[in-house]
Amino acid sequence: MKKVSFAEFGGPDVLRLVDAEEPHAGPGRIRIAVRAVGVNPVDWRIREGQILGAHPIELPSGVGLDASGVVDEVGEGVEGVEVGDHVFGEGSSTYAESAVLSAWARMPEGLTFEEAAGYPSVVETALRVIREVGVRSGQTLLVSGASGGVGSAVLQIAHDRGITVIGTAGAANQGYLRGLGALATTYGEGWVERVRRLGHVDAALDLAGSGVIRELVELTGDPRKVISIADLGAPALGVRFSGVAGSVPEALAEAVDLISRGKLRIPVEKSYPLAEAAAAHIDSRAGHTRGRRVLII
């Protein structure tokens with residue numbers, strides 16, 4: 001089979017499309033014929049060699065966590081899924097024609113493989129940071145970098161829970177944020193005052209790592225009410241960096257429920273063939289994403 005791999009840490013040019021042996025589903029695992037793969041910031045952070053304790057790797061390494069596809073092998077002890085089922089979920093080295101998943105769910109009715117691949121990690125992350133920041137119904141959550149995949153999920157999940165959301169994004173994405181139920185404003189000079197005019201902030205999330213931790217603490221009045229998933233320097237300012245995944249099966253179940261109820265939809269901004277994984281990483285790292293980027297097998 002073909003898979004994307006890298007033998008050294010570095011820029012997108014270290015990614016190679018190589019021939020590899022097919023993986024097999026061990027106990028408690030399934031294997032899928034991959035149809036689409038979600039591209040996440042953690043993918044290029046790992047490739048660059050950034051310190052991410054939750055994802056220790058050995059070189060050479062495959063790439064990717066999220067995927068959707070058709071089950072073609074079921075490991076020992078696995079129940080409730082059969083060969084031929086259409087699933088989405090999380091595993092390892094998913095930038096490949098075949099991948100083993102450790103957590104999965106059947107795809108909701110009406111969802112394409114391309115769309116489904118964009119949900120697993122972002123929904124788990126969104127649910128985790130909403131829980132960790134402690135925001136409740138009736139309160140207001142500020143989301144910095146709100147138009148990407150995690151932001152899109154946070155806005156919709158928070159809205160479903162009765163939480164008011166203020167989102168910051170580029171000028172081109174203001175209508176997109178409002179369409180997801182958020183109060184929207186642009187980042188850049190004067191953004192703190194623009195947020196203040198929209199309302200009191202009870203908690204805040206940094207999803208973009210754009211150097212705004214001090215301002216988020218200022219707006220909430222308490223570093224314990226701020227969570228970052230993108231700024232490794234956040235702990236130096238008393239803010240928690242959330243990089244360790246919680247229960248992926250639970251997140252997938254909630255994603256299925258939200259999608260089925262029409263409460264969650266994350267658009268695919270751009271699709272790439274597997275051979276263009278490097279281009280997908282370049283675009284993902286540049287930011288300004290609306291929704292998700294995926295690789296198509």
Side-chain angles (χ1 to χ4, degrees), residues 1-5 17-40 42-43 46 54-58 60-128 149 153 244-261 264 266 268 271-275 277 292 294-297:
M1 70 166 191
K2 295 291 186 182
K3 68 178 283 188
V4 174
S5 177
L17 186 62
V18 301
D19 292 310
E21 292 186 5
E22 291 184 347
H24 292 283
R29 302 288 190 266
I30 64 171
R31 188 182 71 180
I32 62 171
V34 179
R35 294 291 183 264
V37 182
V39 176
N40 297 302
V42 69
D43 300 341
I46 291 172
H55 302 281
I57 64 168
E58 294 182 3
S61 173
V63 190
L65 299 173
D66 295 345
S68 63
V70 181
V71 178
D72 63 6
E73 193 173 278
V74 178
E76 182 182 351
V78 173
E79 298 179 350
V81 65
E82 299 178 350
V83 171
D85 285 349
H86 292 189
V87 300
F88 68 131
E90 187 172 293
S92 60
S93 300
T94 57
Y95 287 26
E97 292 175 332
S98 290
V100 171
L101 300 184
S102 54
W104 60 87
R106 280 194 176 87
M107 285 168 45
E109 194 75 27
L111 209 61
T112 67
F113 286 117
E114 185 177 1
E115 292 166 335
Y119 283 87
S121 288
V122 298
V123 174
E124 186 283 319
T125 301
L127 290 167
R128 169 168 32 99
V244 179
S247 172
V248 178
E250 182 179 304
L252 290 170
E254 185 148 358
V256 170
D257 174 65
L258 288 162
I259 294 165
S260 299
R261 291 193 291 116
L264 178 63
I266 305 176
V268 175
S271 303
Y272 310 75
L274 187 61
R292 304 289 286 123
V294 300
L295 303 176
I296 302 299
I297 312 300

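On a predicted model such as this, the values are computed, not experimentally measured, just so you know.
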Rounded to the nearest 0.5 Å, what separation is found between the CD atom of Glu90 and the CG atom of Asn40? 8.5 Å
Apply the test side-chain contact (heavy atoms from CB on, under 4.5 Å) to residues Glu124 and Leu65: give CA-CA distance (whole Å), side-chain angles for both, the deciding distance (0.1 Å), then the verdict. CA-CA 12 Å; Glu124 186 283 319; Leu65 299 173; over 6 Å; no
Between Val123 and Ala255, which heavy-atom pair has the shortest distance, and what is it? CG1-CB, 3.9 Å
Nearest heavy atoms of Ser93 and Gly62, plus distance in Å: OG-CA, 3.5 Å
Does any N or O in the side chain of Ser68 come within less than 3.5 Å of the main-chain N or O of Phe113, such that one atom is a donor and the other an acceptor? yes
Could you list the donor-acceptor pairs under 3.5 angstrom formed by side chains in residues 25-37, with sequence neighbours left out?
{"from": "Arg31", "atom 1": "NE", "to": "Asp72", "atom 2": "OD1", "distance (Å)": "2.9"}
{"from": "Arg31", "atom 1": "NH1", "to": "Glu22", "atom 2": "OE1", "distance (Å)": "3.4"}
{"from": "Arg31", "atom 1": "NH1", "to": "Pro23", "atom 2": "O", "distance (Å)": "2.9"}

For Leu252 and Gly89, work out which heavy atoms get closest and say how close. CD1-CA, 4.0 Å
For Pro273 and Leu295, work out which heavy atoms get closest and say how close. O-CD2, 3.9 Å
What pair of heavy atoms forms the shortest contact from Lys3 to Ala96, and how long is it? CB-CB, 3.6 Å
So, Ser271 side chain and Val294 main chain: donor-acceptor pair closer than 3.5 Å or not? no
Donor-acceptor pair, Asp85 side chain versus Val71 backbone, under 3.5 Å? no
What I'd like to find out is whether the side chain of Val100 reaches to under 4.5 Å of the side chain of His24, using heavy atoms alone. no
When rounded to the nearest 0.5 Å, the distance separating OG of Ser247 from CD of Glu254 is 10.5 Å
Taking it one step at a time, do His86 and Val70 satisfy side-chain contact (heavy atoms from CB on, under 4.5 Å)? CA-CA 5 Å; His86 292 189; Val70 181; 3.8 Å; yes
Write down the atom of Ile266, the atom of Tyr119, and the distance for their closest heavy-atom approach. N-OH, 2.9 Å
Tell me, with the steps shown, if Asp19 and Lys2 meet side-chain contact (heavy atoms from CB on, under 4.5 Å). CA-CA 5 Å; Asp19 292 310; Lys2 295 291 186 182; 2.8 Å; yes
Assess whether side-chain contact (heavy atoms from CB on, under 4.5 Å) is satisfied between Phe88 and Asp66, documenting all intermediate values. CA-CA 8 Å; Phe88 68 131; Asp66 295 345; over 6 Å; no
Pairwise side-chain contact, Glu114 with Ile296, heavy-atom cut-off 4.5 Å (strictly under): yes
